[in-house]
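Structure record follows, encoded as structure tokens.
The chains referred to below are lettered A, B, ... by the order of the sequence lines, with proteins before strands, and numbering in each begins at 1. When reading the values below, keep in mind they use all heavy atoms of this one structure, side chains included, and skip hydrogens, waters and symmetry mates. A quick note: this is a predicted structure, and the numbers were derived from the prediction, not measured.
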Amino acid sequence: MRIATFNCNSIRTRVDRVVALLERHEIDVLALQETKCKDDQFPLLPFEAAGYEVAHVGHSQWNGVALVSRVGIEDVEVGFPGQPGWGDPAQAEARAIGASCGGVRLWSLYVPNGRSLGDPHLAYKLDWLAALREAGTAWLTEDPQAQIALMGDWNIAPRDEDVWSVAFYEGRTHTSPGERAAFQGVVDAGYADLARPYTEGPGVYTYWDYTQLAFPKRRGMRIDFVLGSPTLRTRAEGAFVDRDERKGKGASDHAPVVVEVADAG
DNA sequence: ATGGTCGATATTCGA
């Protein structure tokens, strides 16, 4: 089974590219982030015509996550247990959706950006990741053999080699110790990066800013990850970042991460 | 072989 994650930065703008991505790489399940639309605005037909089912949650022009599957999509869950909200009163944003596809429990996650050090959004980001860690711990306590994939835009570069310049990110979000600790918390709960062993850096990125010629200058960040539970990790047998998808007019500012998972034994 | 931001209930704000 081939699974992938992609921050598409508006599904309505890029639906043709996304369907082409599915077909080009024979992807079975794709986690999308930043669909930037409400449920009734999601362009379902092109996916159905290509043989895929879709589970999506979107409340507005912001955020929005989906799972796209050609191996079934069952027990859809909007938001994870304990997911913090934003605003007054706090309401859950469209940042997490889970479903069971082909025997794997998959989550499409769009971790809050954080904006800047000291911004309330950064505290929200850290709370959100702490709650995800708690949920992830509970899932594995309930069933240590569970096949779980946590896929998405984590808005964190866990290692120095995951950014084009450590100095550039000094004093900004994405590399701060607190954010890295929050990411590591999810790893410590039992979820391993399935792609990194097959996509070693430095210089392997999944996001490049639209401005300042960041992509041709290779100024990027690795912030999109597929984390797998212990049993899923044993099935991972390859991965790649589809850097070509970032090229050309009409590209998202992210590239997809694709992971090959062996058949359950 | 890629290119001087982009997207949205837009005309500013979030990324």
- Message: Ring centres under 6.0 Å, that's the criterion: do A:W107 and A:W139 meet it?
- Response: yes

- Does NZ or CZ of A:R172 come closer than 6.0 Å to the centre of the six-membered ring of A:F168, within 45° of the ring's axis? yes

- Message: In whole Å, I'd like the distance from the CG atom of A:D244 to the C1' atom of B:dT2.
- Response: 9 Å

What pairs of donor and acceptor atoms, side-chain ones from residues 182-195 of chain A against any protein atom, are under 3.5 angstrom apart with sequence neighbours left out?
| unit_1 | atom_1 | unit_2 | atom_2 | d |
| --- | --- | --- | --- | --- |
| A:Q184 | NE2 | A:D188 | OD1 | 2.9 |
| A:Y191 | OH | A:G136 | O | 2.8 |
| A:D193 | OD1 | A:A195 | N | 2.9 |
| A:D193 | OD1 | A:R196 | N | 3.1 |

- Message: I'd like to know if the side chain of A:S108 pairs up with that of A:Q33 as donor and acceptor (distance under 3.5 Å, no hydrogens or angles considered).
- Response: yes

- Rounded to whole angstroms, how far apart are CZ on A:R246 and C1' on B:dG3? 10 Å

- Task: For A:R12, answer base if it contacts any base atom (sugar-phosphate contacts may also be present), sugar-phosphate if it contacts only those atoms, and nothing otherwise; contact means non-hydrogen atoms under 4.0 Å.
- Result: sugar-phosphate

- Message: Please report the distance separating the C1' of B:dC6 from the corresponding atom of B:dA10, rounded so that it comes out in whole Å.
- Response: 12 Å

- Task: By nearest nucleotide on DNA chain B, pick out whichever of A:L213 and A:I11 is the more 5' one.
- Result: A:L213

- Quick one: is A:T13 getting a side-chain N or O under 4.0 Å of the B:dA8 phosphate, OP1 or OP2? yes

- Task: With a 4.0 Å heavy-atom cut-off, tell me which residues in residues 169-185 of chain A come close to DNA chain B, sorted by residue number.
- Result: none

- Measure the distance from CZ on A:R14 to C1' on B:dA8 and round it to the nearest whole Å. 12 Å

- Item | Integer-rounded Å distance: B:dT9 P and A:D39 CG | 13 Å

- Note on the structure: Per side chain to side chain contact (heavy atoms under 4.5 Å, CB included), A:Q41 is matched among A:R12, A:H56, A:Q61 by A:R12

- Message: So for atom CD, which belongs to A:E48, do other residues, nucleotides or ligands contribute more than 12 heavy atoms lying within a distance under 6.0 Å?
- Response: yes

- Quick one: are A:P230 and A:L140 in side-chain contact, heavy atoms under 4.5 Å? yes

- Judged by modelled atom types alone, do A:K36 and A:N9 share a side-chain donor-acceptor pair under 3.5 Å? yes

- Message: Without decimals, in angstroms, what is the distance between A:Q41 CD and B:dA8 C1'?
- Response: 10 Å

- Indicate whether OP1 or OP2 belonging to B:dA1 is found under 4.0 Å from a side-chain N or O atom of A:K247. yes

- Query: Rounding to the closest angstrom, what is the interatomic distance between B:dG4 and B:dT9 at atom P?
  - Reply: 24 Å

- Note on the structure: Nucleotide by nucleotide, nucleotides 10-15 of chain B touches protein heavy atoms under 4.0 Å in the pattern (B base, S sugar-phosphate only, - none) ----SS

- Relative to each other, are the rings of A:F215 and A:W208 parallel, tilted or perpendicular (30° and 60° limits)? perpendicular

